[in-house]
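Data first, discussion second: the structure below is written as C-alpha cells.
Below, chain A is the first sequence line, B the second, and so on; all start at residue 1. Note: hydrogens, waters and symmetry copies are ignored here, and every other heavy atom, side chains too, is used.
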Amino acid sequence: GAVVSQHPSWVICKSGTSVKIECRSLDFQATTMFWYRQFPKQSLMLMATSNEGSKATYEQGVEKDKFLINHASLTLSTLTVTSAHPEDSSFYICSAIKRTGAAADTQYFGPGTRLTVL
Amino acid sequence: GQQLNQSPQSMFIQEGEDVSMNCTSSSIFNTWLWYKQDPGEGPVLLIALYKAGELTSNGRLTAQFGTTRKDSFLNISASIPSDVGIYFCAGQLALGGGADGLTFGKGTHLIIQP
C-alpha cells in the first residue's frame with residue numbers, strides 16, 4: 001500500500017501565530033504532493049501543488065505568502081500558515097502521488113490536520 | 001474554474017438497498033476518481049477510472065467513466081452499515097494520476113437506517 005501521515009492531527013493556536021503542518025509519505029517517495037483545505041460540510045479545495053526541490057504552485061486565490069510550502073525531501077512537505085486568523089480555521093489535508101511506472105499513478109491522502117484559530 | 005456537480009447531496013436508505021450517485025462536469029477530465037471520507041479523516045480511494053467508457057468494480061462498488069469524459073457514476077450494491085459516510089467524486093486533467101491536483105464534487109452524504 002501507500003501510507004501518508006500528517007502531523008499534528010489537530011492544533012489550536014492564537015490569532016497571529018504561525019502553525020506548521022507536516023505531510024509525510026511513509027513507504028514511498030513522492031516528488032509531488034498536494035495541499036487541500038476543507039471547511040465544515042464542504043468539499044476539498046486544492047490550495048497548492050508542492051514539488052520536491054522547487055517552488056510550490058498555488059491555486060488562484062490562495063496567498064503564497066500566507067501559506068508557505070516547503071518540499072525539501074522526497075518524503076516530506078510542510079505547510080506553514082503564517083499569522084493565522086480565525087477564518088483560517090479549517091481541515092487541511094495533504095496528498096502524495098505514488099509513481100508506479102505505469103499509466104495509473106495514484107494519489108493517496110493523509111488523515112488531515114484540524115486547525116482551530118482562536 | 002472547473003466545477004463538478006455531484007448528486008444527490010444526501011441519501012437516506014435502508015440497509016441492503018442499492019445506492020447510486022453521479023457526477024457531471026462542464027469540462028472534460030481524463031481521470032475520474034471516487035473517494036469515501038469518514039468524519040475527521042482524509043479521503044480514501046475507492047475506484048479510479050482512466051478510460052472513457054470504462055466500467056470498474058471493487059467488491060460491491062461499481063463505477064463508470066462516461067463516454068463524453070464529463071460524467072461518472074458510482075453504484076453501491078446491498079448497502080451495509082459501514083458504507084455510511086461522505087462519497088466524493090474527483091476529476092483530474094492529467095492522464096493516469098499524473099501531477100495535477102484534483103477537482104472534487106461537493107459530496108454525497110450516505111445515511112443508512114437499520
Do any side-chain atoms of residues 79-86 of chain A form donor-acceptor pairs under 3.5 angstrom with protein atoms, and if so which ones, sequence neighbours left out?
{"residue": "A:Thr82", "atom": "OG1", "partner": "A:Asp65", "partner atom": "O", "Å": "3.2"}
{"residue": "A:Thr82", "atom": "OG1", "partner": "A:Lys66", "partner atom": "O", "Å": "3.0"}
{"residue": "A:His85", "atom": "ND1", "partner": "A:Ser83", "partner atom": "O", "Å": "2.9"}

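- In summary, the side chains of A:Thr57 and A:Thr49 do not present any donor paired with an acceptor at a separation below 3.5 Å, with no hydrogens or angles considered.
- Taking non-hydrogen atoms and a 4.5 Å limit, the residue list of residues 40-47 of chain B in contact with chain A, ordered by number, reads B:Gly40, B:Glu41, B:Gly42, B:Pro43, B:Leu45.
- Neither the backbone nor the side chain of B:Gln6 comes within contact range of chain A; no heavy atoms are under 4.5 Å apart.
- When the candidates A:Lys41, A:Gln38, A:Met47 are compared by the number of heavy-atom contacts under 4.5 Å with chain B, A:Gln38 comes out ahead.
- For A:Gln6, no part sits under 4.5 Å from any heavy atom of chain B, backbone or side chain.
- Under a 3.5 Å cut-off, the side chain of B:Asp18 and the backbone N or O of B:Ala78 do form a donor-acceptor pair.
- The aromatic rings of A:Tyr36 and B:Phe104 stand perpendicular to each other, their planes meeting at an angle above 60°, with 30° marking the opposite boundary.
- Using a 4.5 Å cut-off between heavy atoms, A:Leu44 contacts chain B through both its backbone and its side chain.
- Close approach to chain B, defined as a heavy atom under 4.5 Å from one of its heavy atoms, is seen in A:Phe109, A:Gly110, A:Pro111 of residues 109-118 of chain A, taken by number.
- When only modelled atom types and interatomic distance are considered, B:Ser10 and B:His109 share no side-chain donor-acceptor pair under 3.5 Å.
- Side chains of B:Asp71 and B:Thr24: a donor-acceptor N/O pair is absent below 3.5 angstrom, by distance only.
- Among all heavy-atom pairs drawn from B:Asp100 and B:Leu93, the shortest one is OD2-CB, 3.4 Å.
- A distance-only check finds a donor-acceptor pair linking the side chain of A:Ser25 to the backbone of A:Phe28 [under 3.5 Å].
- Under a hydrophobic clustering in which Ile, Leu, Val, Met, Phe, Trp and Tyr are joined whenever their side-chain heavy atoms come within less than 4.5 Å, directly or via other members, A:Ile93 and A:Ile69 fall into different clusters.
- By the side-chain contact (heavy atoms from CB on, under 4.5 Å) test, A:Ser73 is found to be paired with A:Thr75, A:Leu76, residues two or more places apart in sequence or in another chain being considered.
- For A:Ser95 and A:Trp35, the side-chain atoms include no donor-acceptor pair closer than 3.5 Å.
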